[in-house]
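Reading through the structure tokens given below for one structure.
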2 protein chains.
Amino acid sequence: METTGRTDQERSAERRRRELLEAADRVVLRDGPGASMNAIAAEAGITKPILYRHFGDKGGLYKALAVRHTDALLDALRAALDAPSARRERVEATLDTYLAAIEANPQVYRFLMHPAEGTSQGEGAFDVGLHSAPLLRRLGEELAEVIEERVDLGPESALLSRVWGHGIVGMMHAAGDWWLGERPCSRAQLVRSLADLLWGRLAAAGDRVGGPGF
Amino acid sequence: METTGRTDQERSAERRRRELLEAADRVVLRDGPGASMNAIAAEAGITKPILYRHFGDKGGLYKALAVRHTDALLDALRAALDAPSARRERVEATLDTYLAAIEANPQVYRFLMHPAEGTSQGEGAFDVGLHSAPLLRRLGEELAEVIEERVDLGPESALLSRVWGHGIVGMMHAAGDWWLGERPCSRAQLVRSLADLLWGRLAAAGDRVGGPGF
DNA sequence: GACTCTCGTTACCGCAAGTAACAAAGTTCT
DNA sequence: AGAACTTTGTTACTTGCGGTAACGAGAGTC
């Protein structure tokens, strides 16, 4: 049959692509985001031009890698986000899921946050807004959706949910990044502290000495 | 006097350094963070080796640039942070100062967030924790200090203030980044939304339909 | 006048991204 | 079977960047 023939080809191409991605993954995890295309090709047992035929350029390869990992993390987060528990517990579960993921393999996490290097050879006009890690954007949008569909925020809910989605994700990310570097406390403590912040403890706390506190 | 001679030399060297930094600034603002050393040298009217004599390597130059801008931004933020007003107003003023700064020239902002590229030629062992933008770390620490010295947080104030410092800075950064890209609302609206989030409105809001809300 | 020290140059090395040109294998059409 | 084509892979090249070595010229110093 002709269909089997074409399907075989396509399946073979896809399998090859997955193999290449896995090799690239190994190299990036070992050598960091600056791994060379030669190194990746060598790890995969082939040479550069094949990589370029499959992924176009280095950006394409890295994007494919990032999508893989981002999808995996997003699945885990969605599960925590959709659990049938009280809001605070769910927030804590989501925070903990994220932190556990970046704790489990920081290399992946690091790679996801610095995917865009670009030879900069291109046009000088760069648009701010596309530069930062796409993972954070996706997370922010995802969280925004969940917030808007679940929480009653009054008339401005569309705007508020998005601001909060991105804001909370950024909070989680920055705190997690700092925590990974310094390890000043347990994961559970960090989760509780962040949830406390989101629960308005900053506003509720009293001033320390004289004058108006922060 | 010998001192005048040496002072003249030192002053000349420092002036030269400042000139070079300003040239580098212009190029980086024009071409983005991937600007080449050749381009920077050309803009300064000289050639590469001089840059290397002054700054060691590209990282040194970029670090010097980053310190300049970071200091400037930090000064502005400290002013907002130290104003003699109520806590909420101060938080809003700080948020607004930061957002106004990144709105005023996004190129600088973008450069500050992606300073560490590294040829990756070096050792494979990379330490997570040093990779992210140093600006965010400095901001987080600064804010943590202010929080701890002004707000009464009970026994765990040392930990809480640092978690919150980095978390709030991350929130501000991520929300600002998204906002810069999409411009979904005015700066004032964004500031209010973020302050509302910090003031516990997420915890206070009711569920939307049936079941436990987010 | 020789000595040195700073500022500057040109010319080069190494390396990585990306590409062109070619080689060998299987597939398909006649 | 044999010619044409697509797939899969190669080697060898170009371009451009970070970084450095080696050299050149002017200004103070003994």
Side-chain angles (χ1 to χ4, degrees), chain A residues 1-20 23-24 27-28 31-65 114-124, chain B residues 1-20 23-24 27-28 31-65 114-124:
Chain A
M1 302 175 187
E2 51 160 350
T3 55
T4 31
R6 285 193 62 179
T7 310
D8 276 5
Q9 272 184 206
E10 286 175 6
R11 291 242 296 224
S12 153
E14 272 189 31
R15 237 189 42 210
R16 199 85 183 97
R17 201 182 142 97
R18 234 194 314 272
E19 287 174 15
L20 297 185
V27 176
V28 166
D31 298 352
S36 85
M37 293 297 265
N38 260 326
I40 294 174
E43 169 75 26
I46 43 122
T47 49
K48 267 194 303 178
I50 303 187
L51 285 181
Y52 283 94
R53 283 225 264 267
H54 271 273
F55 301 103
D57 62 352
K58 193 173 188 175
L61 204 177
Y62 274 39
K63 193 174 168 187
L65 267 184
H114 288 262
E117 305 226 325
T119 339
S120 90
Q121 166 82 355
E123 59 284 0
Chain B
M1 300 179 181
E2 51 161 352
T3 55
T4 33
R6 287 194 60 178
T7 310
D8 275 5
Q9 272 184 205
E10 287 175 6
R11 293 241 295 220
S12 154
E14 273 189 30
R15 236 191 41 211
R16 199 87 185 95
R17 200 182 143 97
R18 233 191 317 268
E19 287 173 15
L20 296 185
V27 177
V28 166
D31 298 352
S36 83
M37 293 296 266
N38 260 327
I40 295 174
E43 170 74 27
I46 44 123
T47 50
K48 268 195 301 179
I50 304 187
L51 284 181
Y52 283 95
R53 283 223 263 266
H54 272 272
F55 300 102
D57 61 352
K58 193 173 189 176
L61 204 176
Y62 274 39
K63 192 174 167 184
L65 266 185
H114 287 262
E117 304 226 328
T119 337
S120 90
Q121 165 81 356
E123 58 282 3

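Here is how names work: the chains are called A, B, and so on, in the same order as the sequence lines, proteins then strands, and each is numbered from 1.
- Counting only distance, with no hydrogens or angles, the side chain of A/Tyr62 and the backbone of A/Pro33 share a donor-acceptor pair below 3.5 Å.
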Verdict with supporting geometry, A/Lys63 and A/Phe55, side-chain contact (heavy atoms from CB on, under 4.5 Å)
CA-CA 9 Å; A/Lys63 193 174 168 187; A/Phe55 301 103; over 6 Å; no
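- Minimum interatomic distance between A/Ala24 and A/Leu61 (heavy atoms only, all atoms of both residues): CB-CD2, 3.7 Å.
- Between B/Glu19 and B/Arg16, at least one side-chain nitrogen of the basic residue sits less than 4.0 Å from a carboxylate oxygen of the acidic one, meeting the salt-bridge criterion.
- The distance from atom CE of B/Met37 to atom P of D/dC17 is 12 Å, rounded to the nearest whole Å.
- The interatomic distance linking B/Asp31 (CG) with D/dG16 (P) rounds to 15 Å, in whole Å.
- A/Arg17 has its CZ atom 16 Å from the P atom of D/dT7, to the nearest Å.
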Pick out the pairs of N or O atoms, protein on one side and nucleotides 8-13 of chain C on the other, that lie under 3.5 Å.
from  : atom 1 : to      : atom 2 : distance (Å)
C/dG8 : OP2    : B/Arg16 : NE     : 3.4
C/dG8 : N7     : B/Arg53 : NH2    : 2.3
C/dG8 : O6     : B/Arg53 : NH2    : 3.1
C/dT9 : OP2    : B/Thr47 : N      : 2.9
C/dT9 : OP2    : B/Thr47 : OG1    : 2.3
C/dT9 : O5'    : B/Thr47 : OG1    : 3.4

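- Here the closest non-hydrogen pair linking B/Ala41 and B/Thr47 is CB-C, 3.5 Å.
- For the pair A/Asn38 CG and C/dG18 P, the computed distance is 12 Å after rounding to whole Å.
- Atom pair B/Lys58:NZ and D/dC17:P shows a separation of 9 Å (rounding to whole Å applied).
- Spacing between atom CD1 of A/Ile40 and atom P of C/dA16 amounts to 12 Å, rounded to whole angstrom units.
- Rounding to the nearest 0.5 Å gives a distance of 8.5 Å between CD1 of B/Ile40 and CG of B/Asp31.
- For the pair A/Tyr52 OH and D/dT8 C1', the interatomic distance rounds to 18 Å; values are reported in whole Å.
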